[in-house]
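Model, not experiment: these values are computed from the prediction.
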Amino acid sequence: MFKIQLLGLMISWIIITQVSQIQAQISGVVTDQNTKPIPDVSISNHHQVLAITDADGKFFINQRVEDSLYFAHIAYHPQKIKVAQQHSLHVVLTIRQALVEEIQILGQWADTDQAITQYTLSAEDIERRDYGQDMPTQLRWSPSVLMHSDAGTGIGYSYMRIRGSDQERTAVSINGVPLNDAESQQVFWVDLPDFASSAKSIQIQRGLGLSSHGPGAFGASIQINTQEVPAEPQLSATLGYGSFNSSRIQLKAATGLLQGKYFVKARGSLIRSDGFVDRASSDLKSYFISAGLLDTEQSLTLHVFSGHEITYQAWNGIPFRYAAIDSLRSYNPSGTEKSGAPYEDEVDNYRQTHTQLIYKRQFTDRFRLNLTGHYTRGLGYFELYKSGKLLRQFGLQAPAIDSMTIGDIVQRRWLSNHFYGAISSLSYSSKDLNSEWVWGGAYNTYLGDHFGRIIWSDITERLDPGIVYYQNDAKKSDFNTYLQWKYQWGPRLNTFIDFQYRRVAYAFEGPDEDGEILDRRVVHHFVNPKIGLNLNIHTQSRLYAYLGYGSKEPNRNDYVESSPRSAPRPERLLNAELGIYQKWGAWTLGSNLYWMQYKDQLIPTGQLNDVGAATRVNVEASYRRGSELSLDFRKDRYTWRFGCNYSQNKIKSFDFYVDQYDPDYNYVGQRKYRLTNTALALSPQLILTNSISFRLSKYLTADMDMKYVGRQYLDNTSTFETSLDPYWTLDLHTRLKLVSGLDFKLGVFNLLGQAYETFGWTYPYEGPSFGTAYSKEISKDIHRELALYPQAGRYFMLSLQWNIL
């Protein structure tokens, strides 16, 4: 009997054990976001495909309840579902934006739960404050971002700094294609007017970020995504007007998806402004055209966008003494070398056209290929009136001109350039979606032709307009390849490793040790590894850590104005980030610490090199260390955002050189000063932002934006007398949605009319004062020439948009 009972217990245990692994009958339906059934979706576990959805998107399987199911379709984002105790499922898959949206993202765009210090703006975020101003004005409310405008209003030449780093150290790309000028590594936003209106989203990665295809990101990187396919036809017209005779006309149109696979969209813009600064006018034209064809496995998209800017030069600043006098704050010294009225054509005239052809292939739900070919053509000049010049040195030949003849001239300094290349990436996702490999790379070539012409002289009427008084051709090639691995270790932990190799080669004309101009070539090899870890503590909080190493080449001028013996070394950066995000109901907290340790950072020290040029010099050690805090509160009709950046930005030690003059103003040499623990230029210790948004009704919203910026030193000597005073500004935006698709916006900038400056330059010297409006006495024999860049007082911008379709 005992044996029979024991046998019965064993059989019962086996039955219970098997039942505990319930072979549940699970059924369900798979649809898209519009509840349209999706056929041919594969449903699998870790080992095999268990079912395929039928024509109605339905499926039926037997599966253990504790397992996960994986739903995959070539045209949709895959999804992993935990079965738990469910027996009936409704799974919604998100379309891959017709295989277009992700093209530029692979390898460069950070996921929201990736260990990257990031900030992403949606099209709605951009549109709320879009009045046709340049991109830096649009992005200035992002964490740790400062902007400067030559004309004082954000229309025309505008610049930004992130964590104190200038645009030379900010890698910018459009759909993955580098936008930074290959030679100067600057970003000239004015070349693409009104471009924010064509952006679907913008992501700012602070620090080194992920691998990019252009110059290294030594402060931040900005990824601009224009890859959007409107599902429905669209047609809109926008008219804008504002202070300083500013105006904008914009037309946008899109076909939507035709036959489910074709689309065309376009934008055209005209922007004009007189500027706050005298004669700082802007005449800007641009267009953006995108066309494509797509199906469930592949897509081909063509983007063509262009900008033409004619801006009166306002990049010299004003004498610091004028900044304290209201009637002189808008003074512009450009063009004043001409006697009498300022020269009316002291303008910058440049056109830049970009072409991008992007192909994407989805081989399976796990393999994706992206290929991008691009070509950018730039051509233009800036025109200068110069007085008291030795005419022979500009190639002018006439009987009335000898070696000592001095006269006035008008010169045009031209730049004709080509930038082209190819970018690729291939991604592989594991069957369980826990890991992804991305291999990518690019080869880009830049060709630049710099030359100058004299178009007028007051000495001779017989002037050959074809005379070129200088010419310098340059070539730069940039090859890079990277491998990224992302792995999901469990429901809470994910990591990534990013490893990049980059080769940069310059070919240009430059001086040797004796000052003779020769053809020169410089080649650099860089290895840039990065690693990140993200821990989801629970669904409402996460902790991340990041460590990266990067290298960056000097720019063209650093080489052209130095000999091989005095040529600068590449810059190096070790970047660590530690951050946390936490949500409590309506509250969201983001906080991070960052440490950016530089080796051989390039800064101006005033030192003359062996060919007599005051170029940038490597300093052994410098750093940026700080904390960034963001606090958001969203409830009902009210949103409050607060941001804070507190940082220390220092150079440990370097030699600073000051020019010396005798009592008769003859240059006699330089004096060297050893400086320690000084502040990096234009890097404030404290930045505060405070934004409040109200939705007053279904049709009316209002936003108030405040920004405080602490003291900034104009050079690296921490000289208080040549620093920018702290300032704060307050902007007000209102938006009213009217009937018949009309949308009205009003922006009032610098509401309280603060007088402030955002940029400047300074030249130190010892000896007698030059006695100009720029001259400022520091001590008895030490003086500074000091210029500032005032921004506009209170001004407004209006915008009326009619959404016809």
Side-chain angles (χ1 to χ4, degrees), residues 33 92 94 109-131 137-145 162 196 199-206 222-223 225 228 492 534-544 577 579-593 627-646 686-708 728-737 743-749 751 799 801:
Q33 292 173 305
V92 179
T94 304
W109 198 277
D111 299 329
T112 55
D113 63 348
Q114 201 165 357
I116 298 292
T117 303
Q118 58 183 277
Y119 184 81
T120 301
L121 292 87
S122 66
E124 181 181 359
D125 295 329
I126 300 165
E127 197 273 337
R128 287 172 65 188
R129 295 174 176 83
D130 181 16
Y131 298 92
T137 304
Q138 307 280 356
L139 301 182
R140 63 181 173 146
W141 301 107
S142 306
S144 301
V145 174
I162 302 178
K200 176 184 180 292
S201 56
I202 300 173
Q203 185 177 86
I204 302 175
Q205 300 174 15
R206 302 191 294 281
I222 300 175
Q223 321 294 337
N225 175 14
E228 182 181 28
R492 296 189 176 185
N534 180 83
L535 176 64
N536 296 313
I537 301 172
H538 52 72
T539 58
Q540 298 298 309
S541 66
R542 69 184 187 95
L543 176 70
Y544 71 89
E577 309 269 339
I580 187 169
Y581 287 89
Q582 175 71 55
K583 290 186 177 181
W584 300 280
W587 293 88
T588 302
L589 169 69
S591 181
N592 65 280
L593 303 174
S627 62
E628 293 166 317
L629 172 71
S630 63
L631 187 63
D632 288 13
F633 176 80
R634 300 169 184 259
K635 190 169 185 180
D636 300 329
R637 299 182 176 184
Y638 172 82
T639 301
W640 174 58
R641 296 187 182 96
F642 173 78
C644 175
N645 178 321
Y646 181 81
L686 181 63
I687 304 173
L688 300 174
T689 56
N690 192 29
S691 297
I692 303 174
S693 301
F694 301 92
R695 185 162 56 87
L696 303 174
S697 71
K698 180 179 179 181
Y699 305 101
L700 180 63
T701 60
D703 299 270
M704 294 185 66
D705 300 322
M706 186 275 285
K707 188 153 205 165
Y708 171 85
W728 68 281
T729 60
L730 178 66
D731 295 352
L732 172 66
H733 302 272
T734 59
R735 180 173 182 176
L736 178 62
K737 292 183 177 295
D743 195 345
F744 174 79
K745 291 189 299 185
L746 167 64
V748 183
F749 299 83
L751 180 64
S799 178
Q801 179 175 309

Completion exercise
Only residue of Asn690, Leu589, Thr588 satisfying side chain to side chain contact (heavy atoms under 4.5 Å, CB included) with Leu631 is Leu589

Problem - Asp130 side-chain N/O to Glu127 backbone N/O, donor-acceptor pair under 3.5 Å - result: no

Problem - Where Arg735 and Lys737 come nearest, the two heavy atoms and their spacing - result: NH2-NZ, 3.4 Å

Completion exercise
side chain to side chain contact (heavy atoms under 4.5 Å, CB included) with Asn645: of Leu629, Leu688, Ile687, only one passes, and it is Ile687

Problem - Nearest non-hydrogen partners of Thr639 and Arg634, listed with the distance - result: CG2-CG, 3.8 Å

Practice task
Look only at the side chain of Lys635 and the backbone of Gly585, and say whether a donor-acceptor pair between them is shorter than 3.5 Å.
Solution key: no

Problem - Gln118 side, atom CD; Trp109 side, atom CH2 - distance, nearest 0.5 Å - result: 9.5 Å

Exercise for the section: Enter the distance from Leu736:CG to Leu746:CG here, rounded to the nearest 0.5 Å. Expected result: 10.5 Å

Problem - Donor-acceptor contact below 3.5 Å, side chain Tyr131 vs main chain Gly747 - result: yes

Exercise for the section: Show your reasoning for whether side-chain hydrogen bond (donor to acceptor under 3.5 Å, both in side chains) applies to Thr117 and Glu628. Expected result: CA-CA 10 Å; Thr117 303; Glu628 293 166 317; 5.4 Å; no

Problem - CD1-OG distance between Ile162 and Ser142, expressed to the nearest 0.5 angstrom - result: 8.0 Å

Practice task
Hey, could you give me the OH/OG distance between Tyr119 and Ser630, rounded to the nearest 0.5 Å?
Solution key: 8.5 Å

Completion exercise
Between Ala123 and Ala199, the two heavy atoms sitting closest are CB-O, 4.0 Å

Practice task
Starting from the C-alpha separation in whole Å, work towards a yes-or-no answer on side-chain contact (heavy atoms from CB on, under 4.5 Å) for Ile537 and Arg492.
Solution key: CA-CA 7 Å; Ile537 301 172; Arg492 296 189 176 185; 5.6 Å; no

Handout entry: Residue of the set Thr120, Leu139, Asn225 for which side chain to side chain contact (heavy atoms under 4.5 Å, CB included) holds with Ile202
Key = Leu139

Practice task
Output yes when a side-chain donor or acceptor of Asn534 lies under 3.5 Å from a complementary backbone atom of Asp113, and no otherwise.
Solution key: yes

Practice task
Could you tell me which residues satisfy salt bridge (Lys or Arg N to Asp or Glu O under 4.0 Å) with Glu577, sequence neighbours excluded, listed by chain and number?
Solution key: Arg163

Fill in the blank from the handout: Sequence neighbours excluded, the answer for ring pair (Phe, Tyr, Trp, His ring centres under 6.0 Å) partners of Phe694 is Tyr638

Practice task
Identify the heavy atoms of Asp632 and Phe642 that sit nearest to each other, and give their distance.
Solution key: OD1-N, 4.5 Å

Exercise for the section: Give the intermediate values and the outcome of side-chain contact (heavy atoms from CB on, under 4.5 Å) for residues Trp587 and Trp640. Expected result: CA-CA 10 Å; Trp587 293 88; Trp640 174 58; 3.6 Å; yes

Problem - Residues which pass salt bridge (Lys or Arg N to Asp or Glu O under 4.0 Å) with Lys707, listed by chain and number, not counting sequence neighbours - result: none

Practice task
Look at the side chain of Lys745 and the backbone N and O of Gln801, then say whether any donor-acceptor pair between them is shorter than 3.5 Å.
Solution key: no

Problem - Sidechain N-carboxylate O distance under 4.0 Å for Asp731, Arg140 - result: yes

Problem - Donor-acceptor contact below 3.5 Å, side chain Arg637 vs main chain Leu696 - result: yes

Problem - Partner of Met706 under side chain to side chain contact (heavy atoms under 4.5 Å, CB included), chosen from Thr689, Leu730, Ile692 - result: Leu730

Exercise for the section: Take Arg128 and Ser693, measure what side-chain hydrogen bond (donor to acceptor under 3.5 Å, both in side chains) needs, and give me the verdict at the end. Expected result: CA-CA 11 Å; Arg128 287 172 65 188; Ser693 301; 3.0 Å; yes

Exercise for the section: Taking all non-hydrogen atoms of both residues into account, name the closest pair between Leu543 and Gly579 and its distance. Expected result: CD1-O, 3.2 Å

Practice task
Identify the heavy atoms of Arg206 and Asn592 that sit nearest to each other, and give their distance.
Solution key: NH2-OD1, 3.9 Å

Practice task
Side-chain contact test, heavy atoms from C-beta onward, threshold under 4.5 Å: evaluate it for Arg641 versus Trp141 and give yes or no.
Solution key: no

